[in-house]
Amino acid sequence: MPSDKTLLRVLSGERVFPPPVWLMRQAGRYLPEYRATRETAGDFLSLCYNPELAAEVTLQPIRRFGFDGAILFADILLVPQALGLDLWFVKGEGPRLSTVTGPGDLAALKGVDAIHETLSPVYETVRILSRDLPSETTLIGFAGAPWTVATYMIAGRGTPAQEPAHALMQQDRETFEGLLDLITEATIEYLSAQVDAGAECVKLFDSWAGSLDGDAFEAYSVEPIRRITAALKARHPGLPVIAFARGAGERYIGLHARTGADCIAVDQGVSADWAAANVQVGGPVQGNLAPEHMVQGGEGLVDAARAIAESFRGGPHVFNLGHGITPDADPDNVHLLLETIRAMR
Ligand SMILES: Cc1c2[nH]c(c1CCC(=O)O)Cc1[nH]c(c(CCC(=O)O)c1C)Cc1[nH]c(c(CCC(=O)O)c1C)Cc1[nH]c(c(C)c1CCC(=O)O)C2
């Protein structure tokens, strides 16, 4: 039976207008109720590993805004932690991890089978959500794509141009590729467990894909995403997969076919008209309003949101931002965005 959930309908290739809407990082610091729950949990990682509270912060933006999709509350860096790295967050700065910079570090990581020991609270969050979400809301599981996760594992932190990961790729390709393989295998098991627990589609975040060029983009962004997608679809026939290769630019062309993903998420670095003509021809797309509009609001937001929905209205489109909503966004602007899109005819 075809789903009556608009997000799943679009992911299956149907054109729905006005389009379903959800926002990357829709649960987060711009919401006072998120900040209060994080306080209750103690810190960000304790929140990620507390199934009741993680489910609560996933539900907060659904209650407040009625988005069509709810993304599991967790983080892409839980997988490195499950593989044995130390992980902590420095307030006002971001994540820190112990690093993988050579064969010894790679060999010291745990095997794929060990990840569930750390990640089982996340599966419990998914089970709670699949019970408590409104029936029209699609539950989205997620993980980082291997390249992006590897950049953090190699550098031990976020880096402007992923220099340490590029350096390892050049200097010790065997360790680099071994690490990517391990993350790929772990991600298949992690996402498969999310689906078993009730996730209805999954999204792979390759936030740093844009710093790979030429053959490296194909080998280290596209190919791991293709492997994960194929393995998941073999185990869970019909599972919709969204792939976000941020910064891909012209390489968004043909990415549905190259990755096997059902939906390609595009960032604001390409225009919606261009993406409609060049990417949406290959299948459903998601995107791509600049997150700054959620800070600025007003007519600029209304005009830009309408223009994007118009550009993509000829085919399957999930309305979203081009990247995550930022902590300085105004929740009232989210209401304005939803009213704008949902009033379109
Ligand atoms: C690169 C990346 C990370 N995490 C993620 C990515 C890929 C998407 C992207 O490019 O933004 C993905 C992510 N992170 C988080 C989610 C939860 C679901 C949601 O989108 O609402 C998701 C899907 C929660 C989070 N992850 C993080 C927060 C903020 C932590 C806090 O509450 O202090 C949240 C809500 C922390 C985080 N986590 C990460 C960084 C670099 C940081 C620090 C920078 C920042 O704070 O934005 C790694």
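If you're wondering where the values come from, they're calculated on a predicted model, not measured in any experiment. Whatever order the structure lists ligands and atoms in, that order sets their numbers, starting from 1.
Taking a distance limit of 4.0 Å, we find that atom 25 (C) of ligand 1 is approached by some protein heavy atom.
Looking at A27 next to ligand 1, an N or O pair under 3.5 Å apart turns up. For a threshold of 3.5 Å applied to N or O pairs, the pair formed by R246 and ligand 1 contains no separation below that value. Considering backbone and side-chain N/O of Y34, one or more are found under 3.5 Å from N/O of ligand 1. Distances between N or O atoms of W208 and those of ligand 1 include no value under 3.5 Å.
Listed for the E200 side chain is no donor-acceptor partner under 3.5 Å among the backbone atoms of I140. No side-chain donor-acceptor contact under 3.5 Å links D75 to the backbone of L78. Without hydrogens or angle criteria, T259 side chain to A261 main chain gives a donor-acceptor distance under 3.5 Å.
The shortest side-chain heavy-atom distance between K5 and P20 does not fall under the 4.5 Å cut-off.
Atom 46 (O) of ligand 1 has R29 NH2, 2.6 Å as its closest protein atom, hydrogens excluded (heavy atom only). The single protein non-hydrogen atom nearest to atom 39 (C) of ligand 1 is D75 OD1, 3.6 Å, given as residue, atom name and distance. For atom 5 (C) of ligand 1, the nearest non-hydrogen atom of the protein is R25 NH2, 3.5 Å. For atom 30 (C) of ligand 1, the nearest protein heavy atom (residue, atom name, distance) is F44 CD1, 3.5 Å. Given atom 12 (C) of ligand 1, the protein heavy atom at minimum distance is I76 CG2, 3.7 Å. Closest to atom 22 (C) of ligand 1 among all protein heavy atoms lies F142 CZ, 3.6 Å. What sits closest to atom 1 (C) of ligand 1 on the protein, heavy atoms only, is Y152 OH, 3.4 Å.
Contact analysis leaves F244 out of contact with ligand 1, as no non-hydrogen atom separation drops below 4.0 angstrom. Ligand 1 has L72 within reach: a non-hydrogen atom of the residue lies less than 4.0 Å from it. At least one heavy atom of A74 sits closer than 4.0 Å to an atom of ligand 1. Heavy atoms of K203 come nearer than 4.0 angstrom to ligand 1 in no pair at all. Between P95 and ligand 1 there is a heavy-atom distance shorter than 4.0 Å.
Annotation for E93: atom CD counts as buried by contact number, over 12 foreign heavy atoms lying within 6.0 Å. Heavy atoms from other residues, nucleotides or ligands lying under 6.0 Å from CZ of R157 number 12 at most.
Near F89, with a cut-off below 4.0 Å to any heavy atom, the atoms of ligand 1 are 36 (C), 37 (C), 38 (N), 42 (C). Using a 4.0 Å cut-off to heavy atoms of I71, the atoms of ligand 1 that qualify are 18 (C), 19 (C), 20 (O), 21 (O), 23 (C). Remark: ligand 1 atoms within the under-4.0 Å shell around heavy atoms of H323 are 9 (C), 10 (O), 11 (O).
Aromatic ring orientation, Y123 versus Y190: tilted (interplanar angle from 30° to 60°).
Other cluster members for I228: I188, L191, V195, V202, L204, I225, L232, L239, V241, joined by side-chain heavy-atom distances under 4.5 Å among Ile, Leu, Val, Met, Phe, Trp and Tyr.
R127 pairs by the salt bridge (charged side-chain N to carboxylate O under 4.0 Å, His left out) definition with E124, not counting sequence neighbours.
Among N320, D267, I71, the single residue meeting the side chain to side chain contact (heavy atoms under 4.5 Å, CB included) criterion with M24 is N320.
Aromatic pair F176/Y220: ring centres closer than 6.0 Å. Two rings, from H323 and W208, have their centers 6.0 Å or more apart.
Counting heavy atoms under 4.0 Å from ligand 1, residue R38 touches it through the side chain alone.
Using a cut-off of 4.0 Å between Lys/Arg side-chain N and Asp/Glu carboxylate O, R63 and E33 are scored as not salt-bridged.
The nearest non-hydrogen atom to atom 10 (O) of ligand 1, considering only P291, S207, A70, comes from S207.
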